[in-house]
Every structure is written in structure tokens, then in C-alpha cells.
Amino acid sequence: MDYDFKSIERKWQAWWAENKTFKVVEDPSKPKFYVLDMFPYPSGAGLHVGHPLGYIASDIFSRYKRLRGFNVLHPMGYDAFGLPAEQYAIQTGQHPEVTTDKNIARYREQMDRIGFSYDWDREVRTCDPAYYKWTQWAFLQMFDSWYDPDRDQARPISELVERFGTTGYADVTPERWAAASDREKSDILMNYRIAYQGETSVNWCEGLGTVLANDEVKDGLSVRGGFPVEQKKMTQWQLRVSAYAGRLLDSLEKLEWTDSLKEMQRNWIGRSEGTEMVFNTVCDGRELPVTIFTTRADTIYGVTFMVLAPESELVEQLTAADRKAEVAEYLQYVKKKTERERIAETKTVTGVFAGSYSINPVTGEKVPVWISEYVLAGYGTGAIMAVPAHDSRDYVFAKTFGLPIVPVIEGADVSEQSVDAKEGVMCNSGFLNGMSVKEAIEAAKDYVEAHGLGHRKTNYRLRDAIFSRQRYWGEPFPICYRDGIPTPLPLSALPLRLPEIDSFKPSPDGQPPLSRARDWTYGGCPLEKSTMPGFAGSSAYYLRYMDPHNDSALVSREADAYWRNVDLYIGGTEHATGHLIYSRFWNKFLYDRGFVCEDEPFRKLINQGMIQGRSNFVYRIVGTNTFVSLGLKDKYDTTEIHVDINLVRGDRLDLEGFRRWRPEFADAEFILEDGEYICGWAVEKMSKSMFNVVNPDDICDTYGADTLRLYEMFLGPLEQSKPWDTKGIDGVARFLKKFWRLYTTRDGFAVTDEKATADELKVLHKLIAKEQEDIENFSFNTTVSAFMIAVGDLASMDCRKREILEPLCVLLSPFAPHISEELWHLMGHDDSVTAARFPEYVAAYTVEDSVTYPVQFNGKMRFTVDLPKAASPAEVEEAVRALEQTARWVGDGRIVKVVVVPGRIINIVVK
RNA sequence: GCCCUGAUGGCGGAAUUGGUAGACGCGCUGGACUCAAAAUCCAGUGGCCUUUAAAGCCGUGCGGGUUCGAUUCCCGCUUGGGGCACCA
């Protein structure tokens, strides 16, 4: 009876689908567990073996948790709005929906072959109107909310309106509010809404014809497509993510995420505690207050000039009449630069003198005001006090423009560079003299506040998220413009569906594609023409899985109260500063407004590593069509050429296949070693252009899905990047065959009802202990090893007993579900192996006997005893006494150290 | 420049709390079965010295340190990967 993985896998995949084996419903009698994969963007290229790594891990964990009696929510869906489908549509005219559907079908087919235990009844697609209705709904909720700093949470905007009308709030008095026109009221409220429209400097990408969020830009190029990005002032929809910066930072503490990922988010949020201080500034005889932000209030005596960001509103007012021409010229120069040029030229220092002077509020000293692009308008107040002696950027600027440098820390040598370190003792600093820098920072802050010169302030690097995209393939905004005033659509108008348009390009006059739609209006008012960005649909999808068919709420209170939040989230690190920030923000907002019961979406997060490709090379002798084998290539002048890994087996090239591969190689000649052509290799990203892509379908055809699953786990630690090498897969394929042969002989099924021996039980119990420990630690590779050892042991004992093999089958089922399901049914069960329960087997688990054995090494003795885990203190003491006696006798010497860890190991070291 | 991470045989990787480094798998070598091959099974496999064996020595990126004992802890480097980058 052979292991026919093909028919077994086909059979059980169909059976699971037919019986809806993995359908899950809320069940208060069982503890819940929510395991989530980051849903994929369905690209045209399909899946390669790297993609399912995380899905396999989460599937194993889900199946394991079910065995342990949890009610497991394990859904899957598609992040289906996005740029690639639209770019493709622009080129081919094909509707993005058509290509997206096609790609999704292919993804589904590929995933189904791997045997995942998803509840497909809960599938979501972000481009489905029934889904994006709730994305639009969330946007309207944000539009209808403001962030109340006193309560530190989002509140209905109506509360703010009420305050404006009664007590007044901030700079809006009841009188002003009452006198304001509708237009003015709308403008005022825009300054407070969580989702608001405002002019801001944006990342404009000409190549894509749209603006991009900060996390969609890298090194001055768009992440999608790699087009240059420039800064541009535009009116855009934005989300007030910055209001949540403090909470996003603080609640990182309680999350079980990796330190590196938390650190990435901390850096991205970028908290910095400092002081805002007012410098009165004189320009052409007029006096104006200029507020600056600094973390180094202690260096106030070292201020020798001020710098404004070129985009700062103060620039115009603080430019003296006789400097207008130079300043205008400089502003022009800055404006022309792209983001990329700015990055490339960080070393070159530019700036211009504004002609005005600030008065140091502490010393009364007058210092010149400059304008330079090294000060950013978007951070702090867009103005700084420059202390060249103790800030490297100010230092370079001062050196370039010949400004004075005044050190205020004892012994600081500023002849070559600034001294930025926050250490040393203050000097030249009046009341701060003699203090350490740390003391001085606090003393200076106190001084500033006591004298009314400013106040303590915490700033964040995190900016509001730009929420408009000038594209077609995204969620339309449920906003129309009534007399030009942005007005939300009523909830009954949702979903606002994407209109049909004739072309997906921007309109000839540079308007977004939606301007091509006929009658894009609501109640006679024009609708918003931009659409939402990719992260809109992915920010709350984990909530929708809880209640995917609900038409009256994003998620019902009952479903939300049961599933709460994601217990385990598996996905790549690339979303650290995008999706994972937006999702947390989005969730906190919904939490504030009482729509969900947890304030963090993802409790535990595991980042699976990338699976890299293993590329092969051939070496062509320059100017010829002759290829030389790896070992001989150094004797010639060669170029390295990627060769399709399907033409290579064990680094040996299939010569005929190579000649057939491409016309230009048809008459290739080879210089062989030992009669073979050996290829070079390297580990690289898995990609088509390197001819190293391995398709999971091929692996399923050749080895089966169970082998693929086991092998992906066996490759190495989940979180680590590692190369794929199909060569090694034979090991796990052999393991599964060996496993199969435990239950079967040539004649058929061969499991007996004999009583198991102590040795056989020990093998099983060791495996149970190991699997339990390893799976909870996500150490799946060592679990697979443990299975190999156990199966090897049982095979050598020729153990065919149900008492051992039935639990073994259950243990393996999370990893290799198809073969386990087959054997489970062969053993006489009618239900799925999924319905089996661990505790029954774990209860039978007993601890192995204690053993004592001395070991000699390096002229010293070590004595070790393994105690039962449940050993009592008295038993431990007894064991120590016995060991000490043995040690004295054998060692004939002094006991150096006794290490006792109850329940573990006792070590006695003797000299 | 700053932050995070990693570095162990020919390869992927094990190693609890500081306690026999190299589990498990691949590859390789030899053997069994076979006309032969595939498949399967058995044995060996870090390096050096040695005819062989035994024994010994060296070995976890490099250099120090702590310790009876270091892949593990501390200090200083080298290097791969990732993130941030004028954030005052």
C-alpha cells in the first residue's frame, strides 16, 4: 500500500470543502483564539514558495490550537485595491476588476492546494462594495469626530460645536461662532476633525499621477514603480494620526511584538521632549514673536543665530525690505528641488540671511535670522534657535556662513566639530554655570516656564496621513461639495460605488480619473474625485472577518465581544511603519467612539522571514559562446549569466536543455570538468529576472502539499530569512513515507490493538512534551526534527500499535493534515482529525525515570541527575546529598560549586 | 551617521538557566539488495597528526575579560541583513 499523496490530498481537500470542516461560529462554551495572516495583494505573478511560509505557520498554529480545544478564527481575504492593477489597466484598457478577479482566482487555487484550514465563508475583498461600505463608513465617523486633548480621545464633533456655541474653545468664542458663515464654520471644524481636508506639503509622484504617504516613499522614489517624488503644496484629505502619537507609542509596551519591530515604530513615531520658547524678533522696526522648539534649552547661552524653514509662514514677515530679492531667489531655488535631490545633497549647506534679528529671551542678546532648508516646516514650529557649538547641523551652517560659535560646556573643543553629547559641565551660561548638562536641561526648562518665556512640549515625528489618491482603483470618498463646502453623504447612501469610466488615465487637464465619470454627483452636488489609499481597506479588515456578512454594522457588538482582537498575527516586517501604524490608529479611533472593545488590534505579532532564491550561474568566456565550468572559470575572462534553475540539478547543468533554452545559446560550447558542467550559485531575492522562482504548485505535483508544508517549516527558524533549496526536500519526503509505512505494509493497513511497551510510550511522551513546548515558541523547525527522530525510533522498534500511532497521527496533523486525515480515517474514525483533542493524549503523559550518571572531562568531574519535573524539595535535597557523597568519593577532592535548579538539573563540580 | 539583527561543518540549521558543540536533514564516502538503475536499508562523515586504531591537539566571525567551565555573560573590533536619516 503505497503513499499516494496525490489522490490523498485531492480527496481530503474536497472532503474538507464539502463538509465545511473549518467553518467557525461564535461559541461561548469554548475559549476563542484568533489567528490572522496579513492578507495578500493578488498580483499577476501568482505565489512563489516564499509567500506561503507565514500562511503555513499560522495554519499549523491554528490547527494546533483547535486540537487544544480552542474555537479558532482563521480567515483569509484579499487586499484587492491598489496601484499595479490600475497601472495594468492604464496600459491595456482592461478594467482593474477583471484582472483582480483573475488574480484572486489563481491565488485561491494555489492556496487550496496547500491544504489551509481557512473558513472561506468569511473571505473579504477590499474592492467589494459590501466591504468598502464599511471603509467609507469609518471615514465618515472620522469626519464626524475630533480629538479632545483633555479626555485624550476622539469625541463626536457635535460636542465641539456645542462648546464653540456656549463656552467657546481655543480661539473660537461663542460670538465668533455665532457670526460665522457656513463656509467659515466648515473651515474652523476642519482644523479639528480626525478626517480633515487641508493644504499640506505632499509627496507628489508625477510618474503615478498621485500623492503618496510617507511610508509609500523610499529614498525619494515611490515604493510602487520607483518613480521620482517631489514636494508640492496641495489640498488633500488627511487623517489626524498625529493626535494618537502618544498613545500609539505608549501602548506598544503591552504588545507581544518583537523588539526590533517595536523599535521601528518608536523611531517612526519619534517622540522628543523639549521646550517651546518665544524669541521676539525685529524686522524693519516691527516686532514679532517667533516660537521655536528645542530639546537643548540648556544651551540657550550658546545661541548665535536663528533659522526658519523656507516654507515657514514667518518667512515673509521676517524678511527685511532690502533682503527681499535674495530671499525670493533662495525660496525659488528650494522649491525647484525634488525630494531625491534634497537627500542626495544633504552635505551641501544652503541658506540666506533674512535681514531681521531675534532677541534671546534669557540673555537679551540680538542674533541674526536666517532661512535654510535644513530646518523643516513640518516639525516643531518650523523655526529653531541655532547653537553651532553643540549641534552638528548648526555647526556646519555656521562654518559655511561665517557665524560665531560659542561653546557653553567646559572643555568642549569646537575647532573641528560640534560637541553634541549631552554630558559635561556648563560654562559661559549665567545661572546654569557649574551644572551638569542633564541638570541644566531641567533647570533651563524650569527657568523658561517660571519667567513666562515658554513651556515644556513633547513633539512627535509622526505626521498626519495623507488620505487622498488621484487614482481610480480605490474607495470613493462619501463626500460631496455643496456650494463648495465638503459635505458627508448620509449613511444610507453607502456604499458609494466606483463609477464606470472610459479610460483609467488622469483627465487631459490633470484631474483624477474619476473626473471622467459621467454624472459623478450626489443630490446635484459634485462628488469628491480622488479615492482612498491602499491602507484604507486594510486598516480594519481583521474586524470585518469577525462578522463579514453584517449589513448594518462593521462588526456586531456580540461578534466583537467574542473575538475581541487578533491573538496571533503573522506577516512581514515591511508593514512596520505603514499598515501596522494605520491599523492601530484606526482601531484606537473605533475604540474611542465605542465601536470595538479592544484598543489594540494585534496582541502578538510574528514576522516571518523572507525565503530567498538560490540562483545558478554559467560563465561565458568574453566574446565567445563558450561556457566554462565553475572550477575552471578563473583561467578565463568570463561574464556571469543567470541560468534558469530548472535546467540545473545539484548544480550540474543540463547541457541540451540549456541549448534549447534560448536561441542565442543553441550552438553553445562547454568546457567541462570531470565530464560535467558545474554551475555557480548565490542566494538572492526570489524573482523572475533571476530565473530562480520556485512555484509551490510544482512542489505539490512532485512531492505533495504535506511535504511542502513540512519542508517550509524545516528550513529554519520562522522569523529568519533563509534560502530555498529544493535539494533538501527529499529528507522530509522520506520522513513522510516512513511515517506512512508505520501504519501500512505492502498488503494494506496494519495497525494493531496490542498494548504498548514502556519504551514505545516513552518515545511518544517525549514527542508530546517537545511539540507542546516548541509550537508555543514558534520553533517549528525543531518540532519537525523531533517527529523525524520519533518516527525513526518507532520504525526501528517495528511499533504498529494503535495506542502509539493514533496519538502520533493527531500530533502530526497540524503539520501534515492530508496524510493524517487519511490515516485517521483508516483507523476507523468518521470525523475529521481536526475534531481530535489533545488533552486525552497529554493526560497519559508520564515523566520518564530519573537517571544518575557521572561524566569525566578536563580532569574535572561533573555529576548530573535528571529529576522528575514535579520533584518535591525533599526529593531534591535527598538527591543533592547523594550526589555530594558520590562526588567526594569519586572526585577525592573539594566541591567547587553546587548548582540546584528544582525540577531541572543538579550540577556538582569537583576540583 | 544613528537604531535593530545576525555570524556555528561542504550546505540549511540544533544546543534548556553558563555544563559532553555540531541534534535533525541535505550532500558526500563505503556497503547490502539488483543484470543494471531507481527506490529502500546499513555504516561513516568538523579539522589536524597517524598505515590503522587508540590517544591527543585545534575548533561556534576576530581580540581581550569574568568563570572550575563560555556558542551562551561583559568590553573592544570585523562583517552580512533590515530600518531611520537634516526631526532641532
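Labels below follow one simple rule: chain letters A, B, ... track the order of the sequence lines, proteins then strands, and each chain is numbered from 1.
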Practice task
Take atom C1' in B:G10 and the same atom in B:G47, then report the distance between them in whole Å.
Solution key: 13 Å

Completion exercise
Closest of B:A88, B:C41, B:C84 to the A:T294 side chain is B:A88

Exercise for the section: Rounded to whole angstrom, note down the C1' distance from B:G30 over to B:G80. Expected result: 38 Å

Practice task
State plainly whether the residues A:D298 and A:R296 are in salt-bridge range, i.e. N to O under 4.0 Å.
Solution key: yes

Exercise for the section: Establish, with yes or no, whether the OP1 or OP2 oxygen of B:A85 is under 4.0 angstrom from a side-chain nitrogen or oxygen of A:R461. Expected result: yes

Problem - d(CD, A:Q612; C1', B:G6) in whole Å - result: 12 Å

Completion exercise
Of A:A786 and A:K722, the one whose closest nucleotide on RNA chain B sits nearer the 5' end is A:K722

Fill in the blank from the handout: Per the O4'-C1'-N9-C4 / O4'-C1'-N1-C2 angle with a 90° window around 0, B:G9 comes out syn

Practice task
Using whole Å, report how far CZ of A:F735 lies from C1' of B:A23.
Solution key: 16 Å

Problem - Base-pairing mate for B:U79 - Watson-Crick or G-U, with both contacts under 3.5 Å - result: B:G6

Completion exercise
Checking B:A88, B:C86, B:C84 against the side chain of A:T577 (C-beta onward), the nearest is B:C84

Exercise for the section: Determine the Euclidean distance between corresponding P atoms of B:G22 and B:C75; express it in Å to zero decimal places. Expected result: 29 Å

Practice task
Among the candidates B:G12, B:C41, B:G82, find the nucleotide nearest to the side-chain atoms of A:M264.
Solution key: B:G82

Handout entry: Inter-nucleotide P distance (B:G46, B:A21), Å rounded
Key = 14 Å

Exercise for the section: Can you spot which of A:L318, A:V367, A:N360 makes a side-chain contact (heavy atoms from CB on, under 4.5 Å) with A:M306? Expected result: A:V367

Practice task
Scan every strand shown for a Watson-Crick or G-U wobble partner of B:U72, both distances under 3.5 Å, and answer none if you come up empty.
Solution key: none

Handout entry: For B:G12, the Watson-Crick or wobble counterpart (both distances under 3.5 Å)
Key = B:C24

Problem - Phosphate-side-chain proximity, A:S272 and B:A88, N/O vs OP1/OP2 below 4.0 Å - result: yes

Practice task
In whole angstrom, give the distance that lies between atom CD of A:E773 and atom P of B:A14.
Solution key: 14 Å

Exercise for the section: Using the C1' atom as the reference point in each nucleotide, state the distance between B:C11 and B:G65 in Å, no decimals. Expected result: 34 Å

Problem - Whole-Å gap separating P (B:A85) and CD1 (A:I269) - result: 14 Å

Fill in the blank from the handout: For B:G1, the nucleotide meeting Watson-Crick or G-U wobble distances (both under 3.5 Å) is B:C84

Problem - B:C4 and B:A85, which share atom name C1', separated by this distance in whole Å - result: 15 Å

Handout entry: side-chain N/O A:K218 vs B:G83 OP1/OP2, d < 4.0 Å
Key = yes

Practice task
May I ask you to say what A:R266 touches in the nucleic acid, namely base, sugar-phosphate or nothing, with a heavy-atom cut-off under 4.0 Å?
Solution key: nothing

Problem - Nucleotide B:C84, atom P - distance to CD of A:E574 in whole Å - result: 12 Å

Practice task
Would you tell me if any nitrogen or oxygen in the side chain of A:Q720 comes within less than 4.0 Å of OP1 or OP2 on B:G13?
Solution key: yes

Practice task
Taking the six-membered ring of A:W268 (Phe, Tyr or Trp), confirm whether the NZ or CZ of A:R584 is under 6.0 Å from its centre and within 45° of its axis.
Solution key: no

Exercise for the section: Name the pairing partner of B:G56, where a pair is Watson-Crick or G-U wobble with both distances under 3.5 Å, or state none. Expected result: B:C48

Exercise for the section: Would you please indicate yes or no on a ring centroid separation below 6.0 angstrom for A:F305 and A:F401? Expected result: no

Practice task
Answer yes or no for A:R614 and A:W724: cation-pi contact, defined as NZ/CZ to six-membered ring centre under 6.0 Å and angle to ring axis within 45°.
Solution key: no

Completion exercise
To the nearest angstrom, the CD1-P distance between A:I441 and B:A88 comes to 12 Å

Exercise for the section: Could you check whether A:S260 gets within reach of a base, just the sugar-phosphate, or nothing at all, counting any heavy atom under 4.0 Å? Expected result: sugar-phosphate

Handout entry: Salt bridge present between A:E442 and A:R456 (N-O < 4.0 angstrom)
Key = yes

Exercise for the section: Using a 4.0 Å heavy-atom cut-off across all strands, classify A:L715 as base, sugar-phosphate, or nothing. Expected result: sugar-phosphate

Problem - Side-chain H-bond candidate by donor/acceptor type, A:N607 with A:T573, under 3.5 Å - result: no

Practice task
Report the nucleotide, chosen from B:U40, B:C4, B:C84, that has the shortest atom-to-atom distance to any side-chain atom of A:E263.
Solution key: B:C4

Practice task
Provide the distance between the two P atoms, one in B:A39 and one in B:C28, to the nearest whole Å.
Solution key: 11 Å

Exercise for the section: Could you tell me the separation between the CE atom of A:M788 and the C1' atom of B:G25, rounded to a whole number of Å? Expected result: 6 Å

Fill in the blank from the handout: To the nearest angstrom, the NZ-C1' distance between A:K770 and B:A23 comes to 9 Å

Practice task
For A:K422 and A:K438, indicate whether the former's side chain and the latter's backbone hold a donor-acceptor pair under 3.5 Å.
Solution key: no

Fill in the blank from the handout: Taking a pair to mean Watson-Crick or G-U wobble geometry with both distances below 3.5 Å, B:C41 pairs with B:G31

Practice task
Can you figure out which of B:A23, B:G13, B:C41 approaches the side chain of A:K738 most closely?
Solution key: B:C41

Practice task
Compare the minimum distances between each of B:G25, B:A23, B:C3 and the side chain of A:N267, then state the nucleotide with the smallest one.
Solution key: B:C3

Completion exercise
Closest of B:G12, B:C24, B:U40 to the A:R734 side chain is B:U40

Fill in the blank from the handout: On RNA chain B, more 5' by nearest nucleotide between A:R741 and A:A377 is A:R741

Practice task
Mind telling me whether A:F397 and A:W370 have parallel, tilted or perpendicular rings, with 30° and 60° as the class edges?
Solution key: perpendicular

Handout entry: Any A:Y379 side-chain nitrogen or oxygen under 4.0 Å from OP1 or OP2 of B:A88
Key = yes

Practice task
Please state the P separation for the pair B:C26 and B:U40 - nearest whole angstrom.
Solution key: 10 Å

Practice task
Please check the phosphate of B:A14 (OP1 and OP2 only) for any side-chain N or O of A:N781 closer than 4.0 Å.
Solution key: yes

